[in-house]
Amino acid sequence: MNLESKIYDRTFANCLMNASGVKCMTFDELEVLRTAENGSFITKSCTLQPREGNPSPRYIDLKLGSINSMGLPNLGFDFYLDYVLNENNRNNKNVFFSLAGLSLEENMEMLKQIQNSDFKGLVELNLSCPNIPGKPQTAYDFDRTKVVLEEVFSLYKKPLGVKLPPYFDMVHFEMMAEILNKFPLKFVTCINSIGNALFIDNETVVIKPKGGFGGIGGAYVKPTALANVRMFYKLLRNDIAIIGCGGVENGRDVFEHLLCGASMVQVGTQLMKEGTDVFHRLILELKEIMQTKGYKNIEDFRGSLKEL
Ligand SMILES: C=Cc1c(C(=O)O)[nH]c(=O)[nH]c1=O
């Protein structure tokens, strides 16, 4: 039995990886992810210059998930470019490089430098950060998204995908898919956290930024995450892979993302809570499910969700 999975021309030893932003900001964190049992890993979304991010407390684990308003803290583009170029030389996991420039110009500058570098991995362009005060989530503006992707693909010729926010309206799924299908995207990652939720503990909010408003992750978001994975799997070109993200706590959650059509599955909140041992557990639990059902590899069932 194998859990190998492919995106574009890359094959990963298994379908698991971290969600961008979780335990992937510093060199030590990235090295732990590079050497753990996950099939791939992704860097923290970065900006051209280093950022401190929002004031703490800015991340809280909850019983059914998590809430965060990190505010895009990161060590700056140069650090991550240097890391992934070195990782490429080792080339053991096909690392993903996440970008979240604060403007189109900033994203274009980072993409230009990557285009002109020896980087051979995949870029995940984050169009959905919900926690930058004063900045909207780009991918909720369909016209803006089209302008951004036209600019991106006029310059960037290496494999690239986008990180999307959750959509909740059938027409929005169709409108977004129509835009995405116009571009040579290699994947889309669904979903980012559900933005601007509010969690109250004994008359008080639990995070400091934005009056306590933050992105929700974990079990709370799994039904929405699966719906987004399924809809974009059905609506996008066959050559655009889906990376599932949202609500993965156990092997059954991974199985469900794959059943909806995901090729890779990202783990966020549960990785935050459990550390990289979570990948070992998820692999065992997924294999047990596949064994029980007689599936030998992921392609035996990926995308085959049954409808009534
Ligand atoms: C890149 C910023 C993001 C952040 C953040 O740094 O606040 N949190 C999320 O849940 N999703 C993001 O995309």
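Counting starts at 1 for both ligands and their atoms, in listed order. The shown structure was predicted, so the numbers you read here are calculated from the model rather than taken from an experiment.
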Colleague: With a 4.0 Å heavy-atom cut-off (strictly under), which part of Ile132 contacts ligand 1: side chain, backbone, both or neither?
Modeller: neither
Colleague: At under 4.0 Å between heavy atoms, is it the side chain or the backbone of Cys129 that contacts ligand 1, or both, or neither?
Modeller: both
Colleague: Indicate yes or no: does an N/O atom of Gly215 lie under 3.5 Å from an N/O atom of ligand 1?
Modeller: no
Colleague: Taking the ring of Tyr140 and the ring of Tyr167, is the distance between their centroids below 6.0 Å?
Modeller: yes
Colleague: Yes or no: does Arg58 have any heavy atom under 4.0 Å from an atom of ligand 1?
Modeller: no
Colleague: Report the part of Pro130 (side chain from C-beta onward, or backbone N, CA, C, O) that has a heavy atom under 4.0 Å from ligand 1; answer both or neither where that applies.
Modeller: side chain
Colleague: Do you know which two heavy atoms are closest between Glu256 and Lys222, and how far apart they sit?
Modeller: OE1-NZ, 2.8 Å
Colleague: Near Leu72, which atoms of ligand 1 are under 4.0 Å from a heavy atom of that residue?
Modeller: 1 (C), 2 (C), 5 (C), 6 (O), 7 (O)
Colleague: How does Asn131 reach ligand 1, by side chain, by backbone, by both or by neither, if only non-hydrogen atoms under 4.0 Å count?
Modeller: side chain
Colleague: Can you list the ligand 1 atoms lying under 4.0 Å from a non-hydrogen atom of Asn192?
Modeller: 9 (C), 10 (O), 11 (N), 12 (C), 13 (O)
Colleague: So if I count the atoms of ligand 1 from 1 in the order they appear, which ones are less than 4.0 Å from some heavy atom of Asn68?
Modeller: 4 (C), 5 (C), 7 (O), 8 (N), 9 (C), 10 (O)
Colleague: Phe96 and Phe41: aromatic ring centres closer than 6.0 Å?
Modeller: no
Colleague: Can you list the ligand 1 atoms lying under 4.0 Å from a non-hydrogen atom of Ser45?
Modeller: 1 (C)
Colleague: Any luck finding a side-chain donor-acceptor pair between Thr47 and Asn74 under 3.5 Å?
Modeller: yes
Colleague: Could you walk me through whether Gln137 and Ser128 pass the side-chain hydrogen bond (donor to acceptor under 3.5 Å, both in side chains) check?
Modeller: CA-CA 5 Å; Gln137 292 171 263; Ser128 48; 5.4 Å; no
Colleague: Check whether any side-chain N or O of Arg58 sits under 3.5 Å from a backbone N or O of Gly71 as a donor-acceptor pair, and report yes or no.
Modeller: no
Colleague: Do ligand 1 and Ser128 have nitrogen or oxygen atoms that lie under 3.5 Å from each other?
Modeller: no
Colleague: Where does Asn126 meet ligand 1, judged by heavy-atom distances below 4.0 Å: at the side chain, the backbone, both, or neither?
Modeller: side chain
Colleague: Indicate whether any N or O donor in one side chain lies under 3.5 Å from an N or O acceptor in the other, for Asn131 and Asn54.
Modeller: no
Colleague: Applying side-chain hydrogen bond (donor to acceptor under 3.5 Å, both in side chains), run through Tyr59 and Asp61 and close with a yes or a no.
Modeller: CA-CA 7 Å; Tyr59 176 95; Asp61 281 330; 2.5 Å; yes
Colleague: Does ligand 1 have any atom sitting under 4.0 Å from a heavy atom of Gly71?
Modeller: yes
Colleague: Say whether, by atom type as modelled, one donor and one acceptor occur between the side chain of Asn14 and the main chain of Glu37 under 3.5 angstrom.
Modeller: yes
Colleague: Quick one: look at Lys44 and ligand 1, take heavy-atom pairs under 4.0 Å, and tell me if it's side chain, backbone, both or neither.
Modeller: side chain
